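Remarks on the structure that follows.
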Amino acid sequence: MTQLIKAIQRIRDDEQGHVIVGVPSLVAAIGAVALGIGAAADSDVTAIAGGAVLGLGVFVTGLARHRAIDYEVFARLDKLEK
């Protein structure tokens with residue numbers, strides 16, 4: 001169990017640990033596809049739902065990027081300035 005926790009911590013601390021930003025981007029892409037399908041099929045409900053999911057995905061992507069990447073960079077810079 002300890003090895004598993006250490007492996008997860010290594011993945012999180014590694015620069016590749018920023019994969020968390022990819023999940024909301026995937027949700028936004030699914031919303032964009034649903035929006036396109038709804039517009040092509042002249043389905044108001046699908047288009048509105050796809051647009052809402054797309055907007056939410058874009059918003060959460062920015063938020064996740066700020067939390068996962070920018071916050072860590074600024075924390076390191078603040079530490080260096082002290």
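Excluded from the calculations below are hydrogen atoms, water molecules and symmetry mates; all remaining heavy atoms, backbone and side chain alike, are included. On a predicted model such as this, the values are computed, not experimentally measured, just so you know.
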(request) Check Ala47 against Ala39 and note the closest heavy-atom contact, atom names and distance. (result) CB-N, 4.1 Å
(request) Might you confirm whether atom CG of Asp78 has over 12 heavy atoms from other residues, nucleotides or ligands at distances under 6.0 Å? (result) yes
(request) Could you tell me the separation between the CG atom of Leu35 and the OG1 atom of Thr46, rounded to the nearest 0.5 Å? (result) 10.0 Å
(request) Could you tell me which non-hydrogen atom of Ala28 sits nearest to which non-hydrogen atom of Val58, and how far apart they are? (result) CB-N, 3.9 Å
(message) Measuring only between side-chain heavy atoms, which start at C-beta, is Val27 closer than 4.5 Å to Val53?
(response) yes
(request) Output the distance between atom OG (Ser25) and atom CD1 (Ile30), rounded to the nearest 0.5 Å. (result) 11.0 Å
